[in-house]
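Note sheet for the following structure.
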Amino acid sequence: MIKKKMMTCLLAALLAGCSAGGSGAGGQSASSGGVSGEFSGTAKGNGGDVTITLTFQDGKLTGAAGVGEKETEGLGDKAIETMTQAMTEKGSIDVDAVSGATITSTAVKKAAQKALEEAGVDPEQFGGKAAAAAGEGGCVFDVNSVNEWLNNSADLGEGTMGNAVAVIPINHVNGPREETLFYAFVNFKYKARNYIKYQVTYLSCTCRSADVNYWMTAYVELTLPKSKDINDAEVRFLSFDRDSQDHYTAGFWGDSNPTPAGATYEMFKEEYIPYFIDKNYGYIQTLSFVEDIDAAEYASGEGREGYTLDTLSGSSVSTNNIIRMLNALFKYHAEDAYFQS
């Protein structure tokens with residue numbers, strides 16, 4: 001029992017990013033006024049490692065310097081210089097990224113966060129992110145801390161070459177309408193000018209035997225409305241095969257084709273999936289099952305006059321879980337910094 005508890009805490013520590021801290025590059029002194037010394041952190045930049053060193057004096061952040069020898073000359077190195085100068089002036093690592101040097105800027109922020117953790121200070125007091133919570137009986141973690149770990153422990157995360165990834169909750173529903181909490185996986189997130197591209201993988205059909213319960217991957221584009229109200233965000237594009245430019249295969253249809261009710265993927269592609277284009281989250285969140293879609297609304301629009309929901313209602317697992325996927329993705333979309341500013 002004790003061994004099991006120890007292993008659970010160790011797993012929690014690994015997932016949540018809990019650490020016991022450490023000594024800084026220049027050592028630290030715990031005077032009555034607070035920590036003093038130099039503390040460094042390193043993260044992967046565009047060309048190689050970016051190292052940020054923060055200087056503390058009596059608990060105050062008084063200086064920041066950075067090195068990134070393999071960053072692009074005149075762009076990446078300029079980002080390091082500009083951002084560390086701003087950190088020094090502000091006494092905080094919460095500074096603006098440099099336009100055109102997104103990957104290096106992200107590395108600067110990640111390295112500075114690690115330097116704060118190395119200093120053993122409360123990161124939030126200096127514009128960083130809160131350390132993982134520790135609760136009675138050991139470390140505590142949740143989906144947010146897992147996502148934090150995924151995007152900081154490797155060369156993944158917003159602004160990196162690999163882009164951000166995430167685990168998101170999804171309320172799966174089967175044929176008899178039994179709901180189960182599953183997780184979906186955002187494999188790709190890329191912010192364009194006024195929308196964000198996503199790939200999200202989820203398990204839809206659980207009616208078959210486990211050896212053929214293949215997962216679906218949807219390619220979705222969600223808008224960034226001028227109002228910055230998540231309810232106004234719309235489905236700009238939705239596909240289970242090609243992307244919106246028809247350049248890449250970005251999705252995968254993992255459900256039966258045809259379904260037991262006889263609906264083929266081509267029918268979904270023609271009659272069901274296009275229905276969600278231009279629909280906003282204010283509307284999408286009112287849907288839970290395909291029957292929640294008004295029949296007249298479903299048939300409205302050029303070329304849809306002859307479509308009826310009865311064609312696909314017998315394939316409820318596929319239809320309903322597309323709705324569930326969109327709701328889960330919109331909730332994740334709402335967490336983007338665009339909607340917080």
Side-chain angles (χ1 to χ4, degrees), residues 17 19 21-31 33-131 148 151-164 189-193 224 228 336-341:
S19 66
S23 60
Q28 73 175 47
S29 61
S31 67
V35 65
S36 294
E38 293 183 344
F39 306 87
S40 298
T42 299
K44 290 291 184 182
N46 189 45
D49 287 345
V50 172
T51 299
I52 300 298
T53 299
L54 302 179
T55 301
F56 283 85
Q57 183 63 46
D58 295 331
K60 295 182 179 180
L61 199 169
T62 58
V67 177
E69 296 177 352
K70 294 186 179 181
E71 298 309 282
T72 305
E73 186 176 355
L75 189 59
D77 56 356
K78 189 65 176 178
I80 296 172
E81 179 184 352
T82 300
M83 293 178 71
T84 52
Q85 182 178 344
M87 289 177 185
T88 299
E89 294 172 353
K90 191 175 181 180
S92 168
I93 72 167
D94 184 17
V95 297
D96 293 335
V98 173
S99 179
T102 306
I103 294 176
T104 301
S105 297
T106 301
V108 170
K109 295 293 285 291
K110 286 185 175 182
Q113 170 75 21
K114 292 178 180 179
L116 290 178
E117 294 170 356
E118 182 73 8
V121 298
D122 178 0
E124 289 187 300
Q125 290 185 5
F126 300 95
K129 298 178 180 178
E148 180 76 15
N151 288 281
N152 285 281
S153 62
D155 294 332
L156 295 170
E158 197 156 341
T160 68
M161 295 290 285
N163 295 306
K189 174 186 177 182
Y190 180 81
K191 189 177 295 186
R193 184 172 61 85
L224 298 170
K228 295 194 175 184
D336 187 81
Y338 178 84
F339 294 99
Q340 315 306 321
S341 59

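This is a predicted model, so every value here is computed, not measured.
- Between Val95 and Lys90 the shortest heavy-atom distance is CG1-CD, 4.3 Å.
- Remark: Lys78 NZ is loosely packed, at most 12 non-hydrogen atoms of other residues, nucleotides or ligands lying under 6.0 Å away.
- Atom NZ of Lys228 is surrounded by more than 12 heavy atoms from other residues, nucleotides or ligands within 6.0 Å.
- Just one residue in the list Thr106, Ile80, Ile103 forms a side chain to side chain contact (heavy atoms under 4.5 Å, CB included) with Val50, and that residue is Ile80.
- Judged by distance alone, the side chain of Ser92 and the main-chain N or O of Phe126 form a donor-acceptor pair under 3.5 Å.
- With rounding to the nearest 0.5 Å, the separation of CG in Leu61 from OG1 in Thr88 is 7.5 Å.
- Of all the heavy atoms in Gly66 and Thr84, the pair that sits closest is N-CG2, 3.8 Å.
- For Thr62 and Gln57, the side-chain atoms include no donor-acceptor pair closer than 3.5 Å.
- Side chains of Phe56 and Leu116 form a contact here, defined as non-hydrogen atoms less than 4.5 Å apart.
- Counting only heavy atoms from C-beta outward, the side chains of Thr160 and Lys110 approach each other to under 4.5 Å.
- No side-chain heavy atom of Ile52 sits under 4.5 Å from any side-chain heavy atom of Met83.
- A side-chain N or O of Glu117 and one of Gln113 form a donor-acceptor pair less than 3.5 Å apart.
- Ala115 and Gly41 get closest at one heavy-atom pair: CB-N, 3.8 Å.
- Between atom CG of residue Asn163 and atom CE of residue Met161 there is a gap of 9.0 Å, rounded to the nearest 0.5 Å.
- A 4.5 Å side-chain heavy-atom check between Thr104 and Val98 finds every atom pair outside the cut-off.
- Here NZ of Lys114 is found 9.5 Å from OG1 of Thr51. Values are rounded to the nearest 0.5 Å.
- To the nearest 0.5 Å, atom CD of residue Glu158 and atom NZ of residue Lys191 are 5.0 Å apart.
- You'll find the side chain of Glu38 stays beyond 4.5 Å of the side chain of Leu54, heavy atoms only.
- Formation of a donor-acceptor pair under 3.5 Å by the Asn151 side chain with backbone atoms of Glu148 is not found in this model.
- A 6.0 Å sphere centred on CD of Gln340 holds more than 12 heavy atoms belonging to other residues, nucleotides or ligands.
- Taking both residues in full, the closest heavy atoms of Ala112 and Met87 are given as CB-CE, 3.9 Å, listed atom of the first, atom of the second, then distance.
- In terms of modelled atom types and a separation under 3.5 Å, the side chain of Ser36 and the main chain of Asp58 share a donor-acceptor contact.
- In this structure, Thr82 OG1 and Asp77 CG are separated by 9.0 Å, a value rounded to the nearest 0.5 Å.
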